[in-house]
Number of protein chains: 2
Amino acid sequence: MVRRTKEEAEKTREALLDAAEFVFLEKGVANASLEDIARSAGVTRGAVYWHFENKLALFDAMHERVKLPMDELFERAMHDGDSFTALKEVCITVMRHLAEDARAKRVFTILLLKCEETCPAQSNVERQQQKRDKVIQRFEKIFTAAHQDGKLGPDTSPQTAAIALHATICGVLNDYVRNPEVLDIATLGPQLIEIFFRGISA
Amino acid sequence: MVRRTKEEAEKTREALLDAAEFVFLEKGVANASLEDIARSAGVTRGAVYWHFENKLALFDAMHERVKLPMDELFERAMHDGDSFTALKEVCITVMRHLAEDARAKRVFTILLLKCEETCPAQSNVERQQQKRDKVIQRFEKIFTAAHQDGKLGPDTSPQTAAIALHATICGVLNDYVRNPEVLDIATLGPQLIEIFFRGISA
DNA sequence: CTTTACAAGCATACACGAATGTATGTAACC
DNA sequence: GGTTACATACATTCGTGTATGCTTGTAAAG
């Protein structure tokens, strides 16, 4: 059955991206064939190669369709004020958002568990690194301000606190995608953030 | 050139496992062919199929050759006493060990970044889950004792503390393998553990 | 102490399927 | 009538698994 109008073609594209999420999640990116994805979307490989150049392009399109925790963390940490408590709120909001946005959760899980980082030159890995650095830099700025206000503990530098917060958040998200049914991030996330900030406070 | 004696055959086996580590690290598990690994070890695929049944068996053998952080964490947390400070030391020791043991670091990196978790029924994933549960249970026991001694903060349950500690450790290790040259785990690991324990203490 | 048979430890050759990329066909829209 | 949006068909590559060949250690037999 041929999609005729432009809107129907767009539907096919979206269906392919949706199918990619589920197939990648189930079989892993490397082990999933374009045939699998096409069939899951109710079309053939012809449709896939019409909309996307190849598997990598499909993967990238799927990736760019969602806003992942680290993107959101950076954006919100930029705009939502510099205060200590505001940063806490941002962290909690980002975690909660991942639990609520099923699509973001799927793609994030794929990136963490179902996808190999091949050569470091891969655009995916590079961008990931840059995001990480930006987030940590942003954290460091906020913690430096807090440090000057005497809010930080005496033996914790702003830089250490920034890297530590990033590691903590990554840890929670990591544990969450590995057992989403056990670890309830909506309640445990805030608690862990609370523990962390208590640990670095004066 | 044919390896003749039993010892030389064992050398070939070890060379294959070593080669597997480096090739998997570089190209990812799925993208690495047995041809790649054999050539990297200076032999042909014939040697690979003589020593191992297939790629999965080779992967498992490589995996079982090392002791990874979670194994060590469980063992040491079992034997090294139940005290609060002892647990801190255990966490730090485990982190430091990963930085020092190049082979363990390689395999751990492969498991985290270079290997897709395919079907959940895979033995690898299951064992990983069981280790995680055991470690957390062990943590919970120690924290329960600390709670009864009044060492724990009033609003943090032993269970929460256990999961939180696990997430924190995973976060550090995760960040470490992603940028080993930036994040110096030998100095930052202990600091983060310190922050965490300060956060949960009364 | 030599000879011989056999198996270990690989290398080489071959068959096979699976996935990819492309080329072509085809129907409907504009 | 041409282009869009696919389906279908084809060629090619790549990796796997297996079968076979070859060389050497090794142990039993004489």
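By convention in this document, chain letters (A, B, ...) are assigned in the order of the sequence lines, proteins followed by strands, and residues within each chain are numbered from 1.
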Looking at residues 32-40 of chain A, who's got a heavy atom less than 4.0 Å off DNA chain D?
-> none
Partner residues of R65(A) under the side chain to side chain contact (heavy atoms under 4.5 Å, CB included) criterion, sequence neighbours left out | E14(A), L17(A), D18(A), E21(A), R103(A)
L173(A) and P69(A) have their tightest heavy-atom pair at CD1-CB, 3.8 Å
Integer-rounded Å distance: dA18(C) P and K27(A) NZ | 11 Å
Have a look at the helix from dC1(C)-dG30(D) to dC30(C)-dG1(D) and give the angle its two end axes make, five pairs each, rounded to 10 degrees.
-> 10°
Got a sec, which residues hit side chain to side chain donor-acceptor pair (under 3.5 Å) with H147(A), two or more places apart in sequence or on another chain?
-> none
Under the side chain to side chain donor-acceptor pair (under 3.5 Å) test, residues paired with H166(A) that sit two or more places apart = D175(B)
Between R13(B) (CZ) and dC10(C) (P), how many Å, whole number?
-> 12 Å
Is D71(B) salt-bridged to K134(B), cutoff N-O under 4.0 Å?
-> no
Nearest to the side chain of Y49(B) - dT22(C), dT16(D), dA11(C)?
-> dT16(D)
Of the candidates dG21(C), dC29(C), dC10(C), the side chain of N54(A) sits closest to dG21(C)
For V23(B), side chain to side chain contact (heavy atoms under 4.5 Å, CB included) partners two or more places apart = K27(B), A32(B), D36(B), I37(B), S40(B)
How many Å lie between CZ on F52(B) and P on dT16(D), as a whole number?
-> 15 Å
Picking from dT20(C), dT16(D), dC10(C), the nucleotide nearest the side-chain atoms of K55(B) would be dT16(D)
Whole angstrom value for the distance that separates C1' of dC10(C) from NE2 of H51(B) = 8 Å
Quick one: is T5(A) getting a side-chain N or O under 4.0 Å of the dA28(C) phosphate, OP1 or OP2?
-> no
Using atom CG of N31(A) as one end and atom P of dT16(D) as the other, report the distance to the nearest whole Å.
-> 12 Å
Sequence-distant partners of S157(B), side chain to side chain contact (heavy atoms under 4.5 Å, CB included), two or more places apart = Q159(B), T160(B)
Given dA11(C), dT16(D), dA7(D), which nucleotide is nearest the side-chain atoms of R45(B)?
-> dT16(D)
Between dC10(C) (P) and E8(B) (CD): distance, integer Å = 8 Å
Rounded to the nearest Å, what distance is computed from the CD atom of residue E7(B) to the P atom of nucleotide dT26(D)?
-> 8 Å
Of all the choices, dC10(C), dA5(D), dT20(C), which nucleotide is nearest to the side chain of A47(B) once you look at every atom?
-> dC10(C)
Can you tell me the distance, in whole Å, between the CH2 atom of W50(A) and the P atom of dT3(D)?
-> 11 Å
Across all chains, not counting sequence neighbours, the side chain to side chain contact (heavy atoms under 4.5 Å, CB included) partners of D184(A) are A186(A), T187(A)
Going by the salt bridge (Lys or Arg N to Asp or Glu O under 4.0 Å) test, which pairs reach into residues 185-195 of chain A, not counting sequence neighbours?
-> K88(A)-E194(A)
